[in-house]
Asker: 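Submitted below is the structure of interest, expressed as structure tokens.
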2 protein chains.
Amino acid sequence: MGESSGRRGGRRAARNPLSRAEVIDAALRYVDLHGLDALTMRALATEMGVYPTALYWHTGTKAQLVAAVSARVLEDIVLPADHGMAWDEWLTEVARLCRQAMHRHPNLAPILGSQLVVSTTAVPFAERVVGVLERAGFSGRDLVEVYNAVVGFVLGWVTLELSSVPADVEEGWQKEYAAQLRTVNPNTFPALTRNLSLLENNAFLVRWDSGRDRPMDGSFETALELLLLGLHAKLTAQ
Amino acid sequence: MGESSGRRGGRRAARNPLSRAEVIDAALRYVDLHGLDALTMRALATEMGVYPTALYWHTGTKAQLVAAVSARVLEDIVLPADHGMAWDEWLTEVARLCRQAMHRHPNLAPILGSQLVVSTTAVPFAERVVGVLERAGFSGRDLVEVYNAVVGFVLGWVTLELSSVPADVEEGWQKEYAAQLRTVNPNTFPALTRNLSLLENNAFLVRWDSGRDRPMDGSFETALELLLLGLHAKLTAQ
DNA sequence: ACCTGAACACCGTTCAAGT
DNA sequence: ACCTGAACACCGTTCAAGT
């Protein structure tokens, strides 16, 4: 693999032009490696051995490129077949697959969670989930709201799990925060004090490591369990 | 109110110096008015009638300022008293209060949802929720995981609800997307086709307006109902 | 303590020009 | 069709200097 053949190292053969898919893939790799803030039209261009403005031809504006990248992440969720599988099993499995896909690209979670999906790539996903919920016994307005409850829970929860501190802030405040928690007044914070060893760095608002480094597997499974218990209860109630 | 007295309009009296709280409040107002992307150290500075570098003295780096602003939003959630109130009622009420607080500052939702809370202002919140869940009957590892399930659901779900399209992308693709949905193949997308009138622009992944403009009240209430049904079921199961 | 003012090393994006 | 190359109007941040 001589220098002359490849496209890496900022070098490019004069022939074989870029493609839209190539740019999107390169951007995803770049974000995975260097973080979302580091993604720059100029940086990505040099990485690809091309002038910054060449990217505009293929993927448009930076915002459009980022939207395309986030759509790409959803694309490689392959849903399991749902015939011969209980609806609740299937939903559980799909929820875990979504979480896995997001965990594969934790630096993109802020976009996944806060940006409206602009692509039709998610339509097959919606179809399958709606179909399975229909099969479970939901219909009409209930169906829509249950769908939103489920999808919003999964994507939203994992977004929060993967949230992290901006590179700038995280100097030494983690230790500081941990110390502050341990010296909290037991009279004004009795519940926290009782459960501190279990809570600290394991619970939302009382942790300092991202779910990217400290996955909250147990809590996700519990949340999923609660959701499915709720779905069953709602079905038997009506 | 003459021009000489105020601090608005890019003018400032030479006396009465800035304060940290003043900068944070101004930044929050600015984000509410002009969006998160528009928040710029330079823009905020001119808004406050001051040089950009003056802000650094009070709130540090831009990332630190944004973190402080997001902490401020959580701060003005005032939790109701929980004595003489069933635990499930209280949780429902608190969930709604959180959602309301986020809806008051929709432009900040991306930060709330994707950035680890770096301040101790959320500690009292955690104390109260943990305490109420203890009272409900949870303890030990279960308590922590149920806490995470609940908090992650509320904050995460609303983050997703408030997600929106970046200013750049939203040219005319909404109509285009709506049209594409309506011409979808009924054979490959039967469930979607059956429920299209209820789903379109109302369901995650199949909508083009943000929850900021089109609040998903019903779906949030359903999600909350499912969560509480789940909690009750889990309690009676053990 | 609090702010000015200049300066540095970046950005995204437009547009004409090349091939 | 696809890319170069220059140019424009911005950024965040550091740092010395003022008061």
Side-chain angles (χ1 to χ4, degrees), chain A residues 6-27 30-31 34-70 110-111 115 165-171, chain B residues 6-8 10-27 30-31 34-70 111 115 165-171:
Chain A
R7 148 173 311 182
R8 68 203 180 288
R11 214 61 86 70
R12 265 186 73 74
R15 42 219 120 55
N16 65 359
L18 252 48
S19 72
R20 178 179 158 83
E22 243 175 323
V23 175
I24 293 171
D25 285 1
Y30 197 89
V31 170
H34 306 105
L36 192 58
D37 290 343
L39 179 67
T40 276
M41 298 303 272
R42 299 171 115 104
L44 182 59
T46 27
E47 175 77 19
M48 300 188 79
V50 106
Y51 272 65
T53 45
L55 303 177
Y56 284 80
W57 204 91
H58 295 281
T59 46
T61 258
K62 184 184 179 183
Q64 291 168 336
L65 170 58
V66 169
V69 171
S70 80
I111 302 297
Q115 221 168 256
V165 288
D168 198 4
V169 189
E170 57 180 331
E171 290 310 290
Chain B
R7 146 173 316 181
R8 70 203 177 290
R11 213 62 86 70
R12 264 184 73 76
R15 40 217 124 53
N16 65 359
L18 252 48
S19 73
R20 178 180 158 83
E22 241 174 324
V23 175
I24 293 172
D25 286 0
Y30 197 89
V31 170
H34 306 105
L36 192 57
D37 290 344
L39 179 66
T40 275
M41 298 303 273
R42 299 173 115 105
L44 182 59
T46 26
E47 176 78 19
M48 301 188 78
V50 105
Y51 273 65
T53 45
L55 303 177
Y56 284 78
W57 203 92
H58 294 282
T59 46
T61 257
K62 184 185 179 183
Q64 290 167 337
L65 170 58
V66 170
V69 171
S70 81
I111 302 297
Q115 221 168 256
V165 287
D168 197 5
V169 188
E170 57 179 331
E171 289 309 291

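Below, read A as the first sequence line, B as the second, and so on, with proteins coming before strands; counting in each chain starts at 1.
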Asker: So how far is it from B:Glu47 CD to B:Thr40 OG1, rounded to the nearest 0.5 Å?
Answerer: 12.5 Å
Asker: Rounded to the nearest angstrom, tell me the gap between atom CG in A:Leu39 and atom C1' in C:dC11.
Answerer: 12 Å
Asker: Starting at NZ of B:Lys62 and ending at C1' of D:dC11, how long is that distance when rounded to a whole Å?
Answerer: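 The distance from NZ of B:Lys62 to C1' of D:dC11 comes to 8 Å, rounded to the nearest Å.
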Asker: Of the nucleotides D:dC2, D:dT13, C:dC11, which one has an atom closest to the side chain of B:Thr61?
Answerer: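 In terms of side-chain proximity for B:Thr61, the closest of D:dC2, D:dT13, C:dC11 is D:dT13.
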Asker: Would you name the heavy atoms of B:Thr61 and B:Tyr56 that are closest together and state the gap between them?
Answerer: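 It is CA-CE2, 4.2 Å.
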Asker: Measure from the side-chain heavy atoms of A:Arg42 and tell me the nearest of D:dT13, C:dC11, C:dC3.
Answerer: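 Of all the options, the side chain of A:Arg42 is nearest to C:dC11.
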Asker: Counting heavy atoms from C-beta on, name the nucleotide in D:dT13, C:dC3, C:dT13 closest to the side chain of B:Pro17.
Answerer: C:dC3
Asker: Locate the shortest heavy-atom distance separating B:Leu55 from B:Met41; write the atom from each residue and the value.
Answerer: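 Where B:Leu55 meets B:Met41 most closely, the heavy atoms are CD1-O, 3.4 Å.
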Asker: Using whole Å, report how far CG of A:Leu65 lies from P of C:dG12.
Answerer: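 Spelled out: CG on A:Leu65 to P on C:dG12 is 10 Å.
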Asker: For residues B:Leu39 and B:Val31, report the shortest heavy-atom separation together with the two atoms involved.
Answerer: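 Smallest interatomic distance, heavy atoms only, reads CD2-CG2, 3.8 Å.
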Asker: Could you measure the distance from the CG atom of A:Asp25 to the OG atom of A:Ser19? Nearest 0.5 Å is fine.
Answerer: 8.0 Å
Asker: What is the distance from CD of B:Gln64 to P of D:dG12, rounded to the nearest Å?
Answerer: 14 Å
Asker: From D:dT4, C:dT4, D:dC3, pick the nucleotide closest to the side chain of A:Tyr51?
Answerer: D:dT4
Asker: Does the side chain of A:His58 get closer than 4.0 angstrom to OP1 or OP2 of D:dA1 through an N or O atom?
Answerer: no
Asker: How does DNA chain C read in dot-bracket, base by base from 5' to 3', with Watson-Crick or G-U pairs under 3.5 Å and | used when the partner is on another strand?
Answerer: ||.|||||...|||||.||
Asker: Counting only side-chain heavy atoms from C-beta out, which of C:dT4, D:dC3, C:dT13 sits nearest to A:Val50?
Answerer: D:dC3
Asker: Rounded to the nearest angstrom, tell me the gap between atom CH2 in B:Trp57 and atom P in D:dT14.
Answerer: 16 Å
Asker: Which nucleotide in the list D:dA1, D:dA6, C:dA1 gets nearest to the side chain of A:Thr53?
Answerer: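 Within the option list, the nearest is D:dA6.
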Asker: What's the CZ-C1' distance between A:Arg20 and D:dC3, to the nearest Å?
Answerer: 18 Å
Asker: At their closest point, which heavy atom of A:Gln64 faces which heavy atom of A:Thr59, and how far apart are they?
Answerer: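 Answer, listing the atom of A:Gln64 first, then A:Thr59: CB-O, 3.6 Å.
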Asker: Looking at D:dG5, C:dT4, C:dT13, which one has an atom nearest to any side-chain atom of A:Tyr56?
Answerer: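 Nearest to the side-chain atoms of A:Tyr56, counting from C-beta on, is C:dT13.
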Asker: May I have the distance from A:Asp37 (atom CG) to C:dC10 (atom P), rounded to whole angstrom?
Answerer: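 In whole Å, C:dC10 P and A:Asp37 CG are 16 Å from each other.
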Asker: Can you name the closest pair of heavy atoms from A:Ala38 and A:Tyr30 and give their distance?
Answerer: O-CE2, 3.4 Å
Asker: Report the distance from atom CG of A:Asp168 to atom C1' of D:dT13, rounded to the nearest whole Å.
Answerer: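 Interatomic distance, CG of A:Asp168 to C1' of D:dT13: 10 Å.
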